[in-house]
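The next block holds one structure in the form of structure tokens; read it before the comments.
Computed from heavy atoms alone, side chains included, the values below leave out hydrogens, waters and symmetry copies.
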Amino acid sequence: MASRFSGALQLTDLDDFITPSQECIKPVKIEKTKTKTGAKIKIGQDGYFDVSNGRQQKLQKVEITLADCLACSGCITSAESVLVTKQSQEELLRVFAEKKFTNNKGVVQDVSLIVISLSPQPVLSLAARYGLTAEEATTKLTGYFKSLGAHLVLDMTVAEDLSLLEAQQEFLQRYQDHQNDPTSKKLPMLASSCPGWVCYAEKTHGNFILPYISTTKSPQQIMGTLVKQYLSSIRQLSPAEIYHVTVMPCYDKKLEASREDFYSDILNCHDVDCVITAIELEQMLGTDKSLSEVESVPLDCPWPESPGAAPALRRHGGSGSGGYADHVFTYAAEVLFGEANAKLVYKNLRNPDFREVTLEKDGKEVLKFAIANGFRNIQNLVQKLKRGKSPYHYVEVMACPSGCLNGGAQVRPAPGDNSRELVSQLQDMYSRLPPAAPADNKLALQLYADWLHGRHSDKARATLHTAYHALEKNDIALNIKW
């Protein structure tokens with residue numbers, strides 16, 4: 001069965017997608033027996049049984065979690081081929097029913113608050129699937145999750161805005177560091193909100209590429225921090241009592257949520273406990289129920305004295321992946337070169353998924369940004385970097401062609417329909433969402449001032465940034481190519 005994770009995740013050396021990998025850190029353990037004939041295995045409808053000693057003994061099923069996969073230098077195995085214990089619709093429905101879940105230490109934790117965070121891309125995907133507007137799909141999904149037992153359903157605008165604001169500041173710092181030391185590997189700054197790309201970089205190019213990658217957390221993980229740390233303090237709950245679910249366009253987001261970097265031993269929880277995708281929500285609704293039949297319920301606003309507009313899905317100018325290149329470009333153009341409201345005119349290179357935009361001042365090219373979507377374009381970008389021929393200051397990198405609107409877990413087109421037309425429809429729907437203005441987001445600015453103790457504080461840095469880790473391959477006999 002085809003993998004639902006991105007192509008970039010599956011390919012670590014062009015031909016090493018093996019399920020399970022020969023390098024897996026949790027291989028099936030083979031117990032040696034004293035019999036000359038070896039173990040005798042009986043296959044039943046409910047599992048495998050060892051009958052070599054005259055007794056029927058059920059063999060234990062091997063469980064491999066996403067955290068195990070991330071710690072491995074081999075393959076990323078697909079959700080269909082291994083047992084994923086915490087990132088599934090079955091687990092989500094069980095938590096809704098029992099109001100309990102098992103944390104990473106194996107401790108059963110009571111759930112006092114279930115929070116759902118909606119990102120725009122999967123909501124638009126479901127809106128197209130069920131013939132709804134973006135606003136209708138948002139309120140219908142809110143009603144659906146509330147009917148299952150969710151306490152709060154939130155939009156992610158504040159997390160998206162915080163991620164963009166931090167990316168802007170990080171670029172300015174990197175640009176200044178690069179001016180002082182051109183060999184410092186500060187530029188080009190590569191976007192890090194796509195976990196498929198980040199995981200590929202860690203496993204394949206390691207320490208060479210990681211210094212270039214932005215340390216700013218993705219909106220999903222910033223939202224997780226807000227829910228588990230800020231919201232928990234408002235509600236006077238332990239962070240571990242909150243079960244946080246994000247709705248995402250990509251299965252790779254499950255891998256991101258499972259990273260040990262986003263688990264706190266002090267709080268005893270992950271920032272995001274479960275990631276559900278558009279395809280999984282379609283499966284949960286089933287063939288007997290349409291999203292259009294669900295009762296409409298408005299989004300929640302849990303932030304105290306939250307100023308600004310009512311909660312809603314919002315778009316960010318630029319690509320449907322969050323607009324990182326556009327926002328960082330316009331900010332840098334104004335702050336570094338005094339060019340307010342710089343015009344962005346992208347030029348397609350090899351294909352529409354590799355585009356670049358430049359800023360000229362006094363006849364000299366002073367900024368050069370790019371958007372690289374899809375694994376082929378990512379490979380070309382990495383090769384340019386390795387040859388020292390990359391001309392860019394910043395690159396928005398996404399593993400999926402056309403970016404997040406065409407994520408691997410978005411609802412697929414109906415048989416006979418054209419996938420390009422569906423992506424075009426989603427892009428049109430995204431462009432009609434209410435616009436977001438990160439610099440004017442009063443809630444984000446209030447969080448910087450009151451919760452993070454200032455935009456440039458150590459707490460802001462620790463809360464809104466992360467780190468990456470090179471995973472070196474082990475040279476074992478099974479991995480040698482003869």
When the aromatic ring centroids of His270 and Tyr263 are compared, is their separation below 6.0 Å? yes
To the nearest 0.5 Å, atom OG of Ser193 lies from atom CD of Glu160 at 10.0 Å
So, for Lys140 and Val294, which heavy atoms are closest and what is the spacing to 0.1 Å? NZ-O, 2.7 Å
CZ on Arg355 to CG on Asn373, rounded to 0.5 Å: 7.0 Å
For atom CD of Gln427, decide whether the heavy atoms of other residues, nucleotides or ligands shown that lie under 6.0 angstrom number more than 12. yes
Would you find more than 12 non-hydrogen atoms of other residues, nucleotides or ligands less than 6.0 Å from Arg412 atom CZ? yes
Side-chain donor/acceptor of Ser119 to backbone N/O of Val247, under 3.5 Å: yes
Would Leu464 and Lys217 count as a side chain to side chain contact (heavy atoms under 4.5 Å, CB included) here? Give the steps. CA-CA 6 Å; Leu464 302 179; Lys217 285 183 182 178; 5.6 Å; no
Is there a side-chain contact between Gln229 and Trp451, using heavy atoms and a 4.5 Å cut-off? yes
If only atom types and distance count, is the side chain of Asn348 paired as donor or acceptor with the main-chain N or O of Asn351 below 3.5 Å? no
Checking Glu356 against Tyr392: is there a side-chain donor and acceptor pair closer than 3.5 Å? yes
Verdict with supporting geometry, Ser218 and Glu256, side-chain hydrogen bond (donor to acceptor under 3.5 Å, both in side chains): CA-CA 9 Å; Ser218 71; Glu256 180 179 74; 3.0 Å; yes
Would you say Leu291 and Leu126 make side-chain contact, with heavy atoms under 4.5 Å? yes
Would you tell me whether Asn406 and Gln410 have side-chain atoms, one donor and one acceptor, within less than 3.5 Å of each other? no
Flag the pair Arg174 and Glu170 as a salt bridge only when some basic side-chain nitrogen lies within less than 4.0 angstrom of an acidic carboxylate oxygen. yes
In this structure, OH of Tyr212 is separated from OG of Ser390 (nearest 0.5 Å) by 8.0 Å
On a heavy-atom basis, the closest approach of Asn377 and Ala372 is CB-CB, 4.3 Å
Work out which heavy atom in Arg314 is nearest to a heavy atom in Pro435; give both atom names and the distance. NH1-O, 4.0 Å
Below 4.5 Å, heavy atoms only, C-beta onward: do Leu281 and Phe145 meet side chain to side chain? yes
Minimum heavy-atom distance Asp155-Pro311, with the two atoms named: OD1-CB, 3.4 Å
For Ser431, is there any backbone N or O sitting under 3.5 Å from a side-chain donor or acceptor partner on Arg315? yes
State, without any angle test, whether Asp300 and His151 hold a side-chain donor-acceptor pair at a distance under 3.5 Å. no
Ring-ring centroid check Tyr200 His205, cutoff 6.0 Å: yes
Hey, is CG on Asn418 packed in by over 12 heavy atoms from elsewhere, all under 6.0 Å? yes
Sidechain-backbone polar pair: Lys368 side chain, Leu359 backbone, donor-acceptor under 3.5 Å: no
Just wondering, do Leu113 and Arg235 contact through their side chains at under 4.5 Å, heavy atoms? yes
Take Met223 and His244 through the test side chain to side chain contact (heavy atoms under 4.5 Å, CB included) and record every step on the way to the result. CA-CA 9 Å; Met223 192 68 186; His244 183 210; 4.2 Å; yes
Tell me, with the steps shown, if Asp261 and His469 meet side-chain hydrogen bond (donor to acceptor under 3.5 Å, both in side chains). CA-CA 10 Å; Asp261 302 89; His469 319 283; 2.6 Å; yes
Are the side chains of Leu190 and Ile209 in touch, meaning some heavy atoms are under 4.5 Å apart? yes
Atom CZ of residue position Arg94 - does it have more than 12 heavy atoms of other residues, nucleotides or ligands inside 6.0 Å? yes
Thr277 and Glu280: side-chain donor and acceptor closer than 3.5 Å? yes
Return yes if some donor-acceptor pair links the side-chain N/O of Ser424 with the main-chain N/O of Glu421 below 3.5 Å, else return no. no
Sorted by chain and residue number, the side chain to side chain donor-acceptor pair (under 3.5 Å) partners of Tyr468 (sequence neighbours excluded) come out as Ser192
Is it true that a side-chain atom of Thr330 and a backbone atom of His327 form a donor plus acceptor pair closer than 3.5 Å? yes
Considering all heavy atoms, the nearest Gly322-His316 contact: O-CB, 3.4 Å
Close side-chain approach of Gln121 to Met429, heavy-atom, < 4.5 Å: no
Side-chain contact, heavy-atom cut-off 4.5 Å: Met248 with Ile276? no
Backbone N/O of Cys404 and side chain of Ser321: donor-acceptor pair under 3.5 Å: yes
Go through it in stages, so that I can follow the logic: the residues are Lys386 and Phe208, the test is side chain to side chain contact (heavy atoms under 4.5 Å, CB included), and I'd like the CA-CA distance, side-chain angles, deciding distance and then a yes or no. CA-CA 8 Å; Lys386 287 188 171 181; Phe208 167 77; 3.3 Å; yes
State, yes or no, whether a side-chain contact exists between Leu226 and Leu447 at a heavy-atom distance under 4.5 Å. yes
Whether the side chain of Thr142 engages the backbone of Pro298 through a donor-acceptor N/O pair (distance < 3.5 Å, no angle test) should be reported. no
Is Arg259 paired with Glu202 through a side-chain N to carboxylate O contact shorter than 4.0 Å? yes
Looking at Glu293, I'd like to know if its CD atom is crowded, meaning that more than 12 non-hydrogen atoms belonging to other residues, nucleotides or ligands lie closer than 6.0 Å. yes
Using the salt bridge (charged side-chain N to carboxylate O under 4.0 Å, His left out) rule, take Lys442 and Asp161 through it: C-alpha gap first, then chi angles, then the decisive distance, then the call. CA-CA 10 Å; Lys442 294 180 180 178; Asp161 285 352; over 6 Å; no
Asn207 side chain vs Leu210 backbone, donor-acceptor pair below 3.5 Å: no
Run through Leu445, Leu162, Leu165 and flag the one making a side chain to side chain contact (heavy atoms under 4.5 Å, CB included) with Pro438. Leu165
Centres of the Phe171 and Tyr331 rings: under 6.0 Å? no
Please name all residues satisfying side chain to side chain donor-acceptor pair (under 3.5 Å) with Ser319, sequence neighbours left out, ordered by chain then number. Glu396
Closest heavy-atom pair and its distance - Val275, Lys254: O-NZ, 2.6 Å
Using the six-membered ring wherever Trp is involved, compare the ring planes of Tyr175 and His393 and label them parallel, tilted or perpendicular (cut-offs 30° and 60°). tilted
Quick one: do Tyr144 and Leu285 satisfy side chain to side chain contact (heavy atoms under 4.5 Å, CB included)? Show the steps, please. CA-CA 9 Å; Tyr144 177 63; Leu285 287 163; 3.7 Å; yes
Nearest 0.5 Å, please: how far is SG in Cys269 from CD1 in Ile242? 8.0 Å
Any donor-acceptor pair under 3.5 Å from Ser125 side chain to Pro122 backbone: no
Applying side chain to side chain donor-acceptor pair (under 3.5 Å), can you list everything that pairs with Tyr448, at least two apart in sequence or on another chain? Glu166
